[in-house]
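To keep things clear, I will list the structure first and then write my remarks on it.
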Amino acid sequence: MQVPFLSLKDVTEKYKDEIHEAAFRVIDSGWYLQGNENKKFEEDYARYIGTKYCVGVANGLQALELMIRACKILYGWNDGDEIIVQANTYIATILAISQNSLTPVLLDPNAETLELDVDSIEKAITSKTRGVMLVHLYGRCLYNEKIDEICKNHGLRLFEDNAQAHGCMYKGKKTGSFGTVAAHSFYPGKNLGAFGDAGAITTDDKEIADLVRVLGNYGSSKKYVFDYVGENSRLDEMNAAVLDVKLKHLDKDNSRRKQIAKMYYEGIKNPLIKMPTVKSDESNVFHVFPVFCEKRDELQQYLKEHEIGTLIHYPIPPHKQKCYKEWNEISLPVTEKIHATELSLPMSPCLTDEQVKWVIDCVNEF
Ligand SMILES: *Cc1c(COP(=O)(O)O)cnc(C)c1O
């Protein structure tokens, strides 16, 4: 039996008629940027996340970069000011900080929960700290009240990278609504994925929302008048229309992911395989299903021989990348271990129970 890591063809097939209808509506409208589709998706997504504002942008990296840049401008931060962030994340989170000439202060997460320990955040705060960035990696919520409290006590801004956690909840509120501002990616493989690159920010702060929109529109709030050195980062009408269709089905798709995860948690019984601690049902939307194995590469090869697709998220942590030579010598043992042992099993709302059982059987036989 073949089990692909993720088949986007199957994901699209599920809602094909509605998607075609939306796509043809945009094609026939003759209006492809900054129109009603974008406006409607922004309203619907803000309502879904539970924030006052949503601004569509071109991709997740620019959502991160522009939300930080807006804060840097509005709050008068200086080059070299610091943002505390977990070291085990996708490179985009770190790029967005360093592209703003701010310094990411990299922290190891807790090895069991993969969450940031409040003590380690507190210890990392200096006179230059301006914010804390939470990355809801793998679809797991990283927010808790203690982190909020630390930020408030120290006058820090809380940022969320919600690229992997659309629909994730904590105590009845969605991730993407906890901090000052949050960034979302709609890269095709995400839980809510577009047909190409797309992203958004969500916030309750009108000044930030307005400034992100201006910065992503060449720095212009009035046609041909430029107040900032901006960039071109807009969500196009076609992707906005498609995302609006898929948003309606997101909760249903996330519930299927949770069912599959439950099967994995209950079925996988192999002492060589470790799974992260279970979180409450609502606070994990399983963007991927990570397992940890000392013989990770052999496990991946073994599963490949059984026609099971897997991916590593991610093989090299940001601080060990060539682009960040200056941090290559920093020691972050938990992060390094995660990157050396992580393997993501197949996860998508389109997997059948039979496919999931086959993955479980093969993992247990390894
Ligand atoms: C996908 C992702 C991004 C970047 O999003 P793009 O739309 O690909 O630019 C940022 N952070 C995390 C955690 C991601 O998974």
Side-chain angles (χ1 to χ4, degrees), residues 5-6 8 11 41 45 54-69 83-100 104 106-107 109 114-116 131-143 158-168 175-176 178-179 181-202 212 216 231-236 238-240 242-243 246 254 257 276 284-290 311-319 321 323-324 335 338-339 342 344 347-348:
F5 177 73
L6 168 65
L8 289 177
V11 171
F41 174 69
Y45 195 66
C54 166
V55 179
V57 296
N59 56 62
L61 172 58
Q62 288 183 328
L64 286 159
E65 195 244 310
L66 290 172
M67 76 175 180
I68 296 170
R69 187 152 161 220
I83 306 287
I84 293 170
V85 58
Q86 75 225 51
N88 64 314
T89 180
Y90 182 55
I91 193 86
T93 322
I94 309 301
L95 287 174
I97 298 170
S98 68
Q99 281 174 354
N100 275 296
L106 304 171
L107 294 188
L114 306 179
E115 286 168 25
L116 283 178
V132 175
M133 168 84 75
L134 297 180
V135 186
H136 305 299
L137 201 72
Y138 307 138
R140 296 167 69 88
C141 174
L142 242 72
Y143 174 84
L158 185 62
F159 295 103
E160 294 176 86
D161 179 341
N162 201 44
Q164 302 194 358
H166 322 124
C168 180
T175 56
F178 289 107
V181 51
H184 310 255
S185 160
F186 307 119
Y187 174 85
K190 305 283 156 106
N191 291 32
L192 180 60
F195 288 171
D197 280 314
I201 63 103
T202 51
V212 167
E231 55 199 271
N232 178 358
S233 185
R234 302 178 296 215
L235 175 58
D236 63 78
M238 179 71 84
N239 274 314
V242 168
L243 287 167
K246 292 176 84 175
N254 281 342
R257 288 175 184 270
N284 194 342
V285 288
F286 297 97
H287 171 57
V288 296
F289 192 90
L311 284 178
I312 296 169
H313 293 102
Y314 299 89
I316 307 170
H319 72 284
Q321 298 284 356
C323 64
Y324 287 128
T335 297
I338 290 172
H339 289 259
E342 197 274 346
S344 299
M347 175 54 85
S348 104

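Both ligands and their constituent atoms are indexed starting at 1 by order of listing. Residues take their numbers from the sequence shown, with the count starting at 1.
For Ser185, a nitrogen or oxygen atom sits less than 3.5 Å from a nitrogen or oxygen atom of ligand 1, counting backbone and side chain alike.
Short contacts between ligand 1 and Ala163, defined as distances under 4.0 Å to a heavy atom of the residue, involve ligand atoms 2 (C), 3 (C), 10 (C), 11 (N), 12 (C), 14 (C), 15 (O). Less than 4.0 angstrom separates some heavy atom of Val135 from each of these atoms of ligand 1: 13 (C). Here is the list of ligand 1 atoms found below 4.0 Å of a heavy atom in Leu61: 4 (C), 5 (O), 6 (P), 9 (O). Residue-ligand proximity, Gly60 to ligand 1, at heavy-atom distances under 4.0 Å covers atoms 5 (O), 6 (P), 7 (O), 9 (O). Within ligand 1, counting atoms from 1 as listed, the ones closer than 4.0 Å to a heavy atom of Leu64 are 10 (C).
Remark: Tyr90 OH is loosely packed, at most 12 non-hydrogen atoms of other residues, nucleotides or ligands lying under 6.0 Å away.
The protein heavy atom nearest to atom 13 (C) of ligand 1 is Asp161 OD2, 3.4 Å. Nearest non-hydrogen protein atom to atom 4 (C) of ligand 1 is Ala92 CB, 3.7 Å.
His136 and Glu160 share a donor-acceptor pair across their side chains, judged by distance under 3.5 Å alone.
A parallel orientation is assigned to the rings of Phe178 and Tyr143, their planes being inclined by less than 30° (bins at 30° and 60°). Ring pair Phe5/His313 is tilted by interplanar angle, where 30° to 60° counts as tilted.
Within the set Lys190, Gln164, His287, the minimum heavy-atom distance to atom 3 (C) of ligand 1 is found for Lys190.
Counting only distance, with no hydrogens or angles, the side chain of Asp161 and the backbone of His184 share no donor-acceptor pair below 3.5 Å. Under the 3.5 Å distance criterion, the side-chain polar atoms of Thr202 are left unmatched by any main-chain donor or acceptor of Cys54.
Evaluated for a side chain to side chain contact (heavy atoms under 4.5 Å, CB included) with Val57, the options Leu64, Leu235, Val212 yield exactly one hit, Val212.
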